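Scroll down for the structure; my scribbles are underneath it.
Please read these numbers as outputs of a predicted model, since none were measured by experiment. Computed over heavy atoms, backbone and side chain alike; hydrogens, waters and symmetry mates excluded. Letters A, B, ... are given to chains in the order of the sequence lines, protein chains preceding strands, and every chain is numbered from 1.
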Amino acid sequence: MAAVRVESVLAAAEEQEAEKRRSITVEKELELEYDLGNLLAVDRNPPPAAALRGAGPRREALLQALARDNTQLLVSRLWELPAERAGGAGGPLVAQLPEPTFRLPREKPPPKPRPPTRWEQFARLKGIRRKKKTSLVWDEQAKEWRRRWGYRRAGGDPSRAWLAEVPAGADPEEDQFARLRREKRERVARNELNRLRNLARAHRAGRAVPAAPLHPTGHQDRDELRRVAGVARVSTASLGRFQPRLPKEPAEPPSRSGGKKRRFEPLLGNLAAERSRQLELLRDMGSKKPVLDITRAVNKQLRQEEAEAAAANKGKKQSKRGKRGRRQQQPGRSGKKSGARRQQKPAGGGTGGR
Amino acid sequence: LIYCCRKPKTKRAKRFLEKREPKLNENTKNAMLIKGGNANLTVTEVLKDIYAVKKPFAVLYKRKNITRPFEDQTSLEFFSKKSDCSLFLFGSHNKKRPNNLVIGRMFDYHVLDMIELGVEKFVSLKDIKNSKCPEGTKPMLIFAGDVFDVNEEYRRLKSLLIDFFRGPTVPSIRLAGLEYVLHFTAVDGKIYMRSYKVLLKKSGCKIPRIELEEMGPSLDLVMRRTHLASDDLYKLSLKQPKGLKPKKKKNISHDVFGTTYGRIHMQKQDLSKLLTRKMKGLRKRPAKKSAEDGGTTPKKSKPD
């Protein structure tokens, strides 16, 4: 008796639950795709086209019903997110949204890291680190904390300095105030020049400027001058071999077609080296021992072949013909297919390359 | 690089320039709503309503601008650079293309995608006499219809609409504040855009039952011309910088059931010297200690 009652009670409770759930369940053929970070839901089910083609109010009602279903599904998902009460027990219920997954294009390209300035390179090399400076400095004269620089700085206003000492080795007739003003102007100009140079370097590094923009004289930088001087030197009839050099210019220019293979020794240079080279050559010619070490060469060849065979047989079955047969077959392998492919390729390449 | 032409002389100018430079985490995209040379009442109303939806991330230009987006994009790019807006909506009207809206977005101040839509029916915010939701609410976006995935142009349109109406990206949201939903249905070559106010009703359980109330602009759109970016430009614009990827925490792994495992690296231990239980008898005693170093430095082995 009791068992039956318990069962009936449980069944009734379950039905009540189902009744409650019915108000928020929605039947859909295909599941929606959700992107909760963007509060986005995508419904792939084809909408009832025939019904929507009809007249105004019915269409609106249908659209509203469809929207209600989809919104119900989205809100159910959102309510399932981990939520907490912001601002204590009485505050609003706030849910933590995940990261948006739908990929949208950026507004601007991502920033490129700028190359370090000359000072930064030097500091990194020497291991110099930034000293954190306090913003206020104790001014002994005014007996209070003043700014390091700017309005009402510690040490008084430099423009109202009424005393300028003549330094030890300086000319007594010289105007010290004028000298200070001139030096400040020079310092400011030098800093501005360095700032612009650093900017130009950063700009150039970002853009990979091609190697030959020619600026007018006076506006060229060190690298450009060097390059231009090199080009001018080589533009003589004898390709720069008899051009005089400045005292500090390097004797042998770095060869442009550089490297090991196109390096030629001068004709009448090192007599001792030439002699030793010729004697070595004669020795090798006269000796009975072969220069080529046969065993080493054979081992190298075998290893190479094994590597090739291993790479070729990755995924492919070993053909019955064996290594020699396979090697012979490779150039003319499957003639029909390669012929057809060879025909297709130029056409494809032609239209693709244009 | 922004400082190359003119160094900013005030902090405010510097802040202004820093807001506009490219960043790792970008700002919310602004939209500019422009009227064409011959915009009629419908199109103007549409622009005003969309402005109301997108406030404060939109700029509505009051004057008419005589340009043709599909022919010449330089003036759009100029506006975008001046107002730092990467989304735009251009409305115009002529006999061949009545009630025309061009919706588009920019990448690096150049036009990325543009899609021309024709408005066939429009119901404005003021025509529907209902209560509206507050300005700046983040809307929920729902796209219905398989066309949005099948057709390439519709796919781009979906991406554009999400970009347009998304609003700021927020880490958390107040659940009671989910009031606004924009529903796009693509059927029969037409796109129905409807906006509803969401009413959360009591249901038996925790999740509320949703009732919708029509509010806000509703548009019936037809796709006309498109000017989509080439695939590689689109891919370039999608590229995210490496700094945005969340750093993987080392030595933490998760399994299928949700258990988190951690790894601890220890030095090599001498297992013979491991102490497992306290054995009082094995504890080091002072008498034992003196007996040990009694061999080296005999101080006082026995009290006298």
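Applying the 6.0 Å contact sphere to CZ of A/R146 captures more than 12 heavy atoms from other residues, nucleotides or ligands. For A/R152, the CZ atom is loosely surrounded, since the number of other residues' heavy atoms within 6.0 Å does not exceed 12. Within a 6.0 Å sphere centred on CD of B/Q240, other residues, nucleotides and ligands contribute more than 12 heavy atoms. Residue A/E15 places its CD atom among 12 or fewer non-hydrogen atoms of other residues, nucleotides or ligands, all under 6.0 Å distant. Residue A/R118 qualifies as open at atom CZ: its count of foreign heavy atoms under 6.0 Å is 12 or below.
Formation of a donor-acceptor pair under 3.5 Å by the A/K108 side chain with backbone atoms of B/R20 is found in this model. A donor-acceptor pair under 3.5 Å is formed between the side chain of A/Q64 and the backbone N or O of B/L212. In this structure, the side chain of B/R174 does not engage the main chain of A/P92 through any donor-acceptor pair within 3.5 Å. A/Q72 contributes a side-chain N or O that, together with a main-chain N or O of B/P208, makes up a donor-acceptor pair within less than 3.5 Å. Judged purely by atom type and a 3.5 angstrom limit, A/E107 has no side-chain atom pairing as donor or acceptor with the backbone of B/K29. Of the possible donor and acceptor atoms, one in the side chain of A/R106 sits under 3.5 Å from a partner among the backbone N and O of B/L24.
The two residues B/S159 and A/L104 come nearest to each other via the heavy atoms O-CD2, 3.5 Å. Shortest non-hydrogen contact noted between A/P47 and B/D146 is CD-OD1, 4.4 Å. Residues A/R68 and B/I210 come closest through the heavy atom pair NH1-O, 2.7 Å. Across all non-hydrogen atoms, the minimal contact from A/W79 to B/K206 is NE1-O, 3.8 Å. Nearest heavy-atom pair, A/P100 versus B/T169, reported as atom, atom and distance to 0.1 Å: CG-CG2, 3.9 Å. When all heavy atoms are compared, the tightest approach of B/M140 to A/L78 is SD-CD1, 4.0 Å.
Here salt bridge (charged side-chain N to carboxylate O under 4.0 Å, His left out) pairs that include residues 72-98 of chain A, with residues two or more places apart or in two chains, number zero.
Interface remark: A/A67 contributes backbone and side-chain atoms alike to the contact with chain B (heavy atom separation under 4.5 Å). Residue contact with chain B, scored on non-hydrogen atoms closer than 4.5 Å, involves the backbone and the side chain of A/L93 alike. Proximity to chain A involves both the backbone and the side chain of B/V170, based on heavy atoms less than 4.5 angstrom apart. With a 4.5 Å cut-off on non-hydrogen atoms, B/N25 does not touch chain A at all. For a residue to count as touching a neighbouring chain, one of its non-hydrogen atoms must lie under 4.5 Å from one of that chain's; by this rule A/R114 does not touch chain B. With a threshold of 4.5 angstrom between heavy atoms, B/R194 approaches chain A through side-chain atoms but not through N, CA, C or O. Contacts between B/K235 and chain A at a heavy-atom distance below 4.5 Å are absent for every atom of the residue. For B/Y234, the part lying under 4.5 angstrom from a heavy atom of chain A is the side chain only. Proximity to chain A (any heavy atom under 4.5 Å) is restricted, for B/L112, to the side chain, taken from C-beta onward. Neither the backbone nor the side chain of A/Y34 comes within less than 4.5 Å of any heavy atom of chain B.
Chosen from A/P46, A/P111, A/A65, the residue pairing most often with chain B at heavy-atom distances under 4.5 Å is A/P111. Ranking A/P48, A/G37, A/A200, A/P109 against chain B, the residue ahead of the rest is A/P109, based on heavy-atom pairs under 4.5 Å. Chain A forms the most heavy-atom pairs under 4.5 Å with one residue out of B/E214, B/M106, B/K23, and that residue is B/K23. The candidate from B/D163, B/D113, B/I173, B/D108 with the greatest count of non-hydrogen atom pairs under 4.5 Å with chain A is B/I173.
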Validation: residues 177-189 of chain B side-chain donor-acceptor distances under 3.5 Å, sequence neighbours left out:
from, atom 1, to, atom 2, distance (Å)
B/H183, ND1, B/T185, OG1, 3.3
B/H183, NE2, A/N70, ND2, 3.2
B/D188, OD2, A/R53, NE, 2.6

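The CG atom of A/D35 lies 9.5 Å from the CG atom of B/L141; values are rounded to the nearest 0.5 Å. From B/Y192, atom OH reaches atom CG of A/L66 across 12.5 Å, with rounding to the nearest 0.5 Å.
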Walk me through whether A/T71 and B/Y196 qualify under side chain to side chain contact (heavy atoms under 4.5 Å, CB included). CA-CA 10 Å; A/T71 320; B/Y196 301 102; over 6 Å; no

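Residues meeting the side chain to side chain donor-acceptor pair (under 3.5 Å) test with A/E33, sequence neighbours left out: A/R44.
Side-chain contact check for A/P105 versus B/L238: some heavy-atom pair is nearer than 4.5 Å. For the pair B/F148/A/V42, no side-chain contact is recorded, criterion being any heavy-atom separation below 4.5 Å from C-beta on.
Close approach to chain B, defined as a heavy atom under 4.5 Å from one of its heavy atoms, is seen in no residue of residues 182-193 of chain A.
Salt bridge annotation for A/E60-B/K121: present, with a cationic side-chain nitrogen under 4.0 angstrom from a carboxylate oxygen.
Applying side chain to side chain contact (heavy atoms under 4.5 Å, CB included) to B/F143 and the options A/L32, A/D43, A/L40 leaves one that passes, A/L40.
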